[in-house]
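Note: hydrogens, waters and symmetry copies are ignored here, and every other heavy atom, side chains too, is used. Just so we're on the same page: letters track the sequence lines, and every chain starts at 1.
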Amino acid sequence: MQYWLMKSEPDTFGIDDLAARPSATEHWDGVRNYQARNMMRDQMRVGDRVFFYHSACKTPGIAGIAEVVREAYADHTARDPDSNYYDPKASDEEPRWYMVDVKFVRKLKRLIPLSELKAHPALRDMALLKKGNRLSIMPIDAADWQTILAME
DNA sequence: GCCAACGTTGGC
DNA sequence: GCCAACGTTGGC
């Protein structure tokens, strides 16, 4: 099993929104970065655990835990001209963009802010903390996962 | 295939 | 709202 971190803007879709969905499950549409897409499509498996990260907000940080419940399939928003994520180069034969389904597991006891992650010596090499990193999906080391859970 | 221009992300 | 970092696009 693999651990991941996925970013979302809480003003648009936060951990509470995921929890409120039917079956607490939502498809993770709108990924439009090839590196993120490839990880999602090629490596994410049912049962993988995900840190739900709140980005572009007042206090960015890790808000909760989710679980992958369906592996990559075509992101239909790429075929919808009315969607913000519409991509004219996507087709039914060549979807180009993919999404997975994730299910709410739980919120952390408190949001663990980015500032605390940065301050933790053991997390120095985490991809999330690398300068200029803008990937919306990234793998998390098992050791880092445990370190972060211990910060709750 | 290079690279300048442009758009986006996301912390602050 | 600013701006650094990065990805993508498209002319040549």
*asked:* Let's see if you can work this out: which of C/dA5, C/dG7, B/dC12 has an atom nearest to the side-chain heavy atoms of A/Leu114?
replied: B/dC12
_Length of the line joining A/Leu128:CG and B/dT9:P, which is rounded to integer Å_ = 16 Å
*Output the distance between atom CH2 (A/Trp4) and atom CD (A/Gln43), rounded to the nearest 0.5 Å.*
4.5 Å
*Decide, yes or no, whether a salt bridge links A/Asp75 with A/Arg37 under the criterion of side-chain N to carboxylate O below 4.0 Å.*
no
*For A/Trp97 and C/dT8, give me the distance from atom CH2 to atom P, rounded to whole Å.*
7 Å
*asked:* Is A/Lys131 close enough to C/dA4 that one of its side-chain N or O atoms is under 4.0 Å from OP1 or OP2 there?
replied: no
*Pairwise distance CD1(A/Ile62) to CZ(A/Phe51) - rounded to 0.5 angstrom*: 5.0 Å
*Nucleotide nearest A/Arg134 (side chain, heavy atoms from C-beta), chosen from B/dT8, C/dT8, B/dC12*: B/dT8
*Nucleotide nearest A/Lys89 when distance is taken to its side chain, options C/dT9, C/dA5, C/dT8*: C/dT9
_Side chain of A/Arg96 - closest among B/dG11, C/dT9, C/dA5_ = C/dT9
*Could you state the CG-P distance from A/Leu135 to B/dG10, rounded to the nearest angstrom?*
9 Å
*Between CG of A/Leu117 and NE2 of A/His120, what distance do you get to the nearest 0.5 Å?*
9.0 Å
*Which pairs with one or both residues in residues 95-107 of chain A pass side-chain hydrogen bond (donor to acceptor under 3.5 Å, both in side chains), sequence neighbours excluded?*
A/Asp16-A/Lys107, A/Tyr34-A/Arg96, A/Tyr73-A/Asp101, A/Asp87-A/Arg96, A/Asp87-A/Trp97, A/Arg106-A/Glu152
*Could you give the CZ-to-C1' distance, from A/Arg32 to C/dT9, as a whole number of Å?*
17 Å
*Which whole-number value in Å describes the distance from A/Leu129 CG to B/dG10 P?*
14 Å
*Can you tell me how far P of C/dA5 sits from CG of A/Asn33, to the nearest Å?*
18 Å
*Taking atom P of B/dG11 as reference, at what distance in whole Å does atom NE2 of A/His54 sit?*
12 Å
*Quick one: is C/dT9 close enough that its OP1 or OP2 comes under 4.0 Å of any side-chain N or O from A/Tyr34?*
no
*asked:* Can you see if the side chain of A/Lys7 gets near the phosphate of B/dG10 - specifically, an N or O under 4.0 Å from OP1 or OP2?
replied: yes
*For the pair A/Trp28 and A/Phe52, name the ring-plane relationship: parallel under 30°, tilted 30 to 60°, perpendicular over 60°.*
perpendicular
*In residues 55-62 of chain A, what residues come within less than 4.0 Å of DNA chain C, judged by heavy atoms?*
none
_Please report the interatomic distance CG(A/Leu111) to NE2(A/His54), rounded to the nearest 0.5 Å._
7.0 Å
*For A/Gln35 and C/dA5, give me the distance from atom CD to atom P, rounded to whole Å.*
18 Å
